[in-house]
**Q** 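First, the structure itself, so that you have it in front of you.
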2 protein chains.
Amino acid sequence: MFSIGELSRRTGVKIPTIRYYEQMGLIAAPDRTEGNQRRYSKDGLKRLSFIRHSRELGFSIDEIRELLDLSAHPEQPCNDAHQMAARRLADVQRRISRLQRLERELERISACDAHTIADCAVIETLADHSLCETEH
Amino acid sequence: MFSIGELSRRTGVKIPTIRYYEQMGLIAAPDRTEGNQRRYSKDGLKRLSFIRHSRELGFSIDEIRELLDLSAHPEQPCNDAHQMAARRLADVQRRISRLQRLERELERISACDAHTIADCAVIETLADHSLCETEH
DNA sequence: TCTTGAAGCTATAGTCGCTAGAGAGATTAT
DNA sequence: ATAATCTCTCTAGCGACTATAGCTTCAAGA
């Protein structure tokens, strides 16, 4: 049995966030002590780890809810789960290539060595979109 | 002179977002028609393009405010602007490498070809963090 | 000139995923 | 017993928008 602080330490999820997840229905309301404090079981710990990990991978709260529903029916086909992972993957890849374009442009901007704003590339480049290497 | 809709079309910034920027003090309140509708000048267009472009590069509203302040004083040194670009760049690079780790993990997850949830990698992998290749 | 339909106005509330604070009560260690 | 630390609920705030309702104005055609 863990207190909420203990659970927080073990999962790396902040205390208010745990309570928020409970409110959102992602985790069940746990048993309470006589003094009304939450006490979590190993199961609660596992579920929260699942959630944390999924969030880190970029799944939204709603998607995690779906995944949790899926995992509650282990006899069913896992197509849905795979589709979700594939969507996540595609999204992550899109974000990567977008960021790489930004990286190139910021590198270009940073390379300038003018001494006053008047002839400095940062403002110039940001002001005039047509100067960009790539569209975004 | 552009209407707000025209400005929106030309910059790709949505109408409510333009009004929001005005409220936040990022763009000046423009002149109005007799009937109280906003009318923008070329300058307004330029400024909004600057803002849009900066947002796309990941600058926050506050950072953009700073950049706009800087550009209003072109006689000053541009160190600040460069520092901001450099910070942005470092941040973008961090985000890229983080996403690349997620990409690898999601690829691994998606590669599974089980037929039911019970022996499917998605849920498994998400549930047990220790299975991850890398820490995150 | 009149009419009609698109576009614009303000104000308010909602989104997502938390995070922070106040003020009270519970638990734990000494 | 007491002090220090945790935890409780409730409310409000964050950033950067987005949506809605109910109204007014504009521009183009008849």
Side-chain angles (χ1 to χ4, degrees), chain A residues 1-27 29-41 44-45 47-48 50-68 88 91 95 98 102, chain B residues 1-41 44-45 47-68 87-88 91 95 98 102 136:
Chain A
M1 286 299 184
F2 320 114
S3 69
I4 196 167
E6 185 72 13
L7 187 65
S8 170
R9 241 166 287 123
R10 283 175 187 248
T11 58
V13 179
K14 289 185 185 152
I15 292 174
T17 306
I18 296 173
R19 294 198 274 244
Y20 167 76
Y21 286 161
E22 181 183 325
Q23 216 182 304
M24 293 297 100
L26 270 196
I27 56 182
D31 291 341
R32 302 275 184 137
T33 63
E34 297 227 323
N36 199 35
Q37 299 196 352
R38 293 168 177 82
R39 286 298 176 268
Y40 295 90
S41 65
L45 178 69
R47 195 176 172 98
L48 188 55
F50 179 100
I51 293 169
R52 155 125 214 241
H53 195 182
S54 305
R55 284 292 299 137
E56 278 174 336
L57 288 174
F59 290 90
S60 72
I61 298 286
D62 269 0
E63 285 174 319
I64 293 171
R65 220 189 302 270
E66 259 188 81
L67 286 171
L68 286 167
R88 273 292 79 217
D91 183 56
R95 276 154 69 191
R98 224 175 143 272
L102 303 192
Chain B
M1 285 298 183
F2 319 116
S3 69
I4 197 168
E6 185 71 14
L7 187 66
S8 171
R9 241 167 287 122
R10 283 175 188 247
T11 57
V13 179
K14 287 184 187 152
I15 293 174
T17 307
I18 296 173
R19 293 198 273 244
Y20 167 78
Y21 287 162
E22 182 183 325
Q23 216 182 305
M24 294 298 100
L26 270 196
I27 56 181
D31 291 342
R32 303 275 184 134
T33 63
E34 297 228 324
N36 200 34
Q37 300 197 353
R38 292 168 178 82
R39 287 297 176 270
Y40 296 90
S41 65
L45 178 69
R47 196 175 171 98
L48 188 56
S49 302
F50 179 100
I51 293 169
R52 153 124 215 244
H53 196 181
S54 305
R55 283 294 299 136
E56 278 174 337
L57 289 173
F59 291 91
S60 72
I61 298 285
D62 269 0
E63 284 175 319
I64 294 171
R65 220 189 302 271
E66 259 188 80
L67 285 172
L68 286 167
R87 271 203 302 276
R88 277 288 82 217
D91 182 57
R95 276 155 69 191
R98 225 176 142 272
L102 302 191
H136 44 253

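Below, chain A is the first sequence line, B the second, and so on; all start at residue 1. Remember, predicted model here, so these are calculated numbers, not experimental data.
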**Q** Please report the distance, rounded to the nearest Å, between CD in A/Glu22 and C1' in D/dT9.
**A**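 Whole-Å distance recorded here is 12 Å.
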**Q** List in chain and number order the residues that pass salt bridge (Lys or Arg N to Asp or Glu O under 4.0 Å) with B/Arg39, two or more places apart in sequence or in another chain; answer none if no residue qualifies.
**A**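 B/Arg39: no salt bridge (Lys or Arg N to Asp or Glu O under 4.0 Å) contacts found.
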**Q** Starting at atom CE of B/Met24, determine the distance to atom P of D/dG13, rounded to an integer number of angstrom.
**A** 14 Å
**Q** Could you check how far CZ of B/Arg32 sits from P of C/dG8, rounded to whole Å?
**A** 12 Å
**Q** Any side-chain heavy atom of A/Arg10 within less than 4.5 Å of one from A/Leu48?
**A**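 Contact flag for A/Arg10/A/Leu48 side chains = no.
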**Q** Nearest 0.5 Å please: distance from the CZ atom of A/Arg55 over to the OH atom of A/Tyr21.
**A** 5.5 Å
**Q** Over all strands shown, is B/Arg9 touching base, sugar-phosphate only, or nothing at heavy-atom distances under 4.0 angstrom?
**A** nothing
**Q** Given atom CG of A/Leu7 and atom P of D/dT7, what is their separation to the nearest angstrom?
**A**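 To the nearest whole Å, that distance equals 10 Å.
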**Q** Give, for atom CZ of A/Arg9 and atom CG of A/Leu7, the distance between the pair rounded to the nearest 0.5 Å.
**A** 10.0 Å
**Q** Can you give one letter per nucleotide of nucleotides 11-30 of chain C, 5' to 3': B if a protein heavy atom sits under 4.0 Å from the base, S if only from the sugar-phosphate, - if neither?
**A** ------BBS-----BSS---
**Q** Using whole Å, report how far OH of A/Tyr40 lies from P of D/dC6.
**A**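 It is 16 Å, rounded to the nearest whole Å.
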**Q** Which is it for B/Gln37 and B/Arg32 under the side chain to side chain contact (heavy atoms under 4.5 Å, CB included) test, yes or no, and what are the steps along the way?
**A** CA-CA 5 Å; B/Gln37 300 197 353; B/Arg32 303 275 184 134; 6.0 Å; no
